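Report on one structure; see the data block that follows.
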Amino acid sequence: MNKRSIGFRITDALLVVLTILPLIAGLVIKAVTTPASDGIEISGARIFFTIKMPLQDLPITESQVNTWLVIIAVFFLCLFLTHGLDEKCSSKRQAILEWIVEKTDGLVNENMGDYFKAYAPFVAAIMALSVFSSLLTLVGLFPPTSDLNVIAGWAVLVFFMITYYKLKGGFVNYLKGFTEPFVPFTPFNIISEFATPISMSFRHYGNVLSGSVISALVAAGLQGASKALFGWLPGQIGSFPFLQIGLPAVLSLYFDIFSGCLQAFIFAMLTMLYVSGGFPMDEWEKRMARKKDKKLKKQNKLSA
Amino acid sequence: MLELAIGIILGCCALGAGMAMIAGIGPGIGEGNAVAKACEAIGRQPECKGSVTTTMIMGCAIAETTGLYALVIAILLIFVAPSRLVDILMEIVNK
């Protein structure tokens, strides 16, 4: 049994505290900035302040702040998991970490092929960010994934990546891809090109938002129902919403945990499929071979 | 008169949101079909349960998109459209 030194344990505890600290900071920010109101309300992201910009003002909203808090928390969680790795895989956290890395590597290899092997970290990162953003509802914070702007940013990033890999087959081939299978299909192909990021962002955002809207509606309805049923009870007991115990938890299990994780998986999966599907392997290989030929010819000319 | 106009705006927004959600029928039928076929496939070949399940979830997610478009429109109609439309009405009245 190897004994861990005190310094190691202190660093461990510090990393755990730094992982939890962003969540507490988010709760404090929420408690400070939320105006006092009774009852359940459905609202979008709150705007903290706006920065003056030449073209358009930049509002700093709850979703941006919470996204950054999630990023910081995940960063320190990764540092905690990778702290004290060894060759024998002696600690539990290393087993968990190796399981995660092996699963993502296998997923990426299975869906994208050998050429995109380096994509595993990106896919894992987007999945972790999405999962933890959706799970923020569990501590009562505003989930950034129920804001369209956040998801649209990710989807635009994926769109740029798809276009980059499509362009690897040559610009002419990229343009030719729009006229397939016949020339009259060009407008539809252009529309479907732009529909990719829109549908990706709407899918994720709609799922998370619909979950929170339905949860809020059910909670408000149960509050009203319990007021009507138990309102005659005297004092504090009369105003206590008895019916709100239980059912919202079951709904939250589905909408917050299952749906959030599933949408994160689907977003990562679609990213992999679109990026690897947009890459024209044959054309790229042909282009590389042609370039090599040209280089060889040039060298021969120079040497001759 | 103004109250009547605002009432019509609110009522029509609610009606439109309800009608938009008729689109929920399509994904429901589609996903039901997909799950039924997936169950058949697993019954026939239990050894490929994993890949069938993954593919089915992907297909369900993509089939769900049309329903989610309708949902987004319904949410916009309920939470965003009434205040915007009332603002426009007030501008017209103030002119």
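Model, not experiment: these values are computed from the prediction.
In terms of heavy-atom pairs under 4.5 Å with chain A, the best-connected choice from Ala61(B), Gly67(B), Ala74(B) is Ala61(B).
The environment of OH in Tyr115(A) is crowded: more than 12 heavy-atom neighbours from other residues, nucleotides or ligands sit within 6.0 Å. For Phe48(A), the CZ atom is densely surrounded, since the number of other residues' heavy atoms within 6.0 Å is greater than 12. The local environment of CD in Gln56(A) is sparse, with at most 12 non-hydrogen atoms from other residues, nucleotides or ligands closer than 6.0 Å.
Just one residue in the list Leu68(B), Leu71(B), Val72(B), Ile75(B) forms a side-chain contact (heavy atoms from CB on, under 4.5 Å) with Leu209(A), and that residue is Ile75(B).
Heavy atoms closer than 4.5 Å to chain B are found nowhere in Glu110(A), neither backbone nor side chain. Contact of Thr66(B) with chain A is not made at all, since no heavy-atom distance falls under 4.5 Å. Only the side chain of Leu273(A) has a heavy atom closer than 4.5 Å to any heavy atom of chain B.
Thr65(B) contributes atom OG1, which lies 13.0 Å from atom NE2 of His204(A) (distance to the nearest 0.5 angstrom). Put simply, CZ on Phe202(A) and CD on Glu64(B) are 15.0 Å apart, with the number rounded to the nearest 0.5 Å.
Within the 4.5 Å cutoff, no side-chain heavy atoms of Met269(A) are placed close to those of Ile57(B).
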